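Scope of the values below: all heavy atoms of this structure, side chains included, with no hydrogens, waters or symmetry mates. As the structure lists them, so they are numbered: ligands from 1, and atoms in each ligand from 1. Note that the coordinates shown come from a computational prediction; the quantities given were computed from them, not determined experimentally.
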Amino acid sequence: VALVGRSAAGADTSLGAFKVTARHLSNNPWFEGSIWLDLRECPDCRVDSFTPAGATSAASCPLVSPGYTGDNTGLVRFAVVGGSTGRPGTPGPSVAWVMAEGVLLARVPVAIYDLDSSGGLSSADLSLWLTDFGAGQYIGRDDYDGDGVLGTNDLSLWLSAFGAGGSSQSALAPCP
Ligand SMILES: [Ca+2]
């Protein structure tokens, strides 16, 4: 998954939307509560504290995303708006916890496109990515393809996201 920017239309779902299907132990679909991301294992993540219409649980600074409730098959699809600190990234993996009303469903790698939480995707973010890349260490926030190394494919994915324009604005109320 990735934290993404937004546009006038809202969260950049074309870049950042992901799907979660939750079931009871009985295998029946679970839709009695909210699914959210808890970013306690992503030191560089900062969510948008703005909770959009349609969310069923609120964002909480700095690391809890808004939550959403699945349909009657237990399926929910959403994107999380957020960014990073504007400082060089923290070496090591970045992991998002997928939570269902406080129950851990999965741990998945998380990357961040808007590295300074300002001005949407811009040359300032590209500069931060290149700084991280040049540090010669693995920095999870920059690993857009999730393959465990930083390389030209990650840069290509950032440039594609920039070109697509869906993250032309940053979080409405970035967590500090
Ligand atoms: Ca930015």
query = Which pair of non-hydrogen atoms, one from T73 and one from P29, has the smallest distance, and what is that distance?
reply = C-CB, 3.3 Å
remark   = The residue among I112, V110, V108 that forms side chain to side chain contact (heavy atoms under 4.5 Å, CB included) with S94 is V110
ask   = About how large, to 10 degrees, is the angle OD1 of D125, then the Ca ion (ligand 1), then O of G120?
value = 120°
inquiry  = Taking backbone and side chain together, does S118 place any N/O/S atom at a distance below 3.0 Å from the Ca ion (ligand 1)?
reply    = yes
task = To the nearest 10 degrees, could you say what angle the Ca ion (ligand 1) makes with OD1 of D116 and OD1 of D114?
result = 90°
request  = Please answer whether the main-chain N or O of L115 pairs with a side-chain N or O of D125 as donor and acceptor at a distance below 3.5 Å.
outcome  = yes
inquiry  = Less than 6.0 angstrom separating the ring centers of Y113 and F162, yes or no?
reply    = no
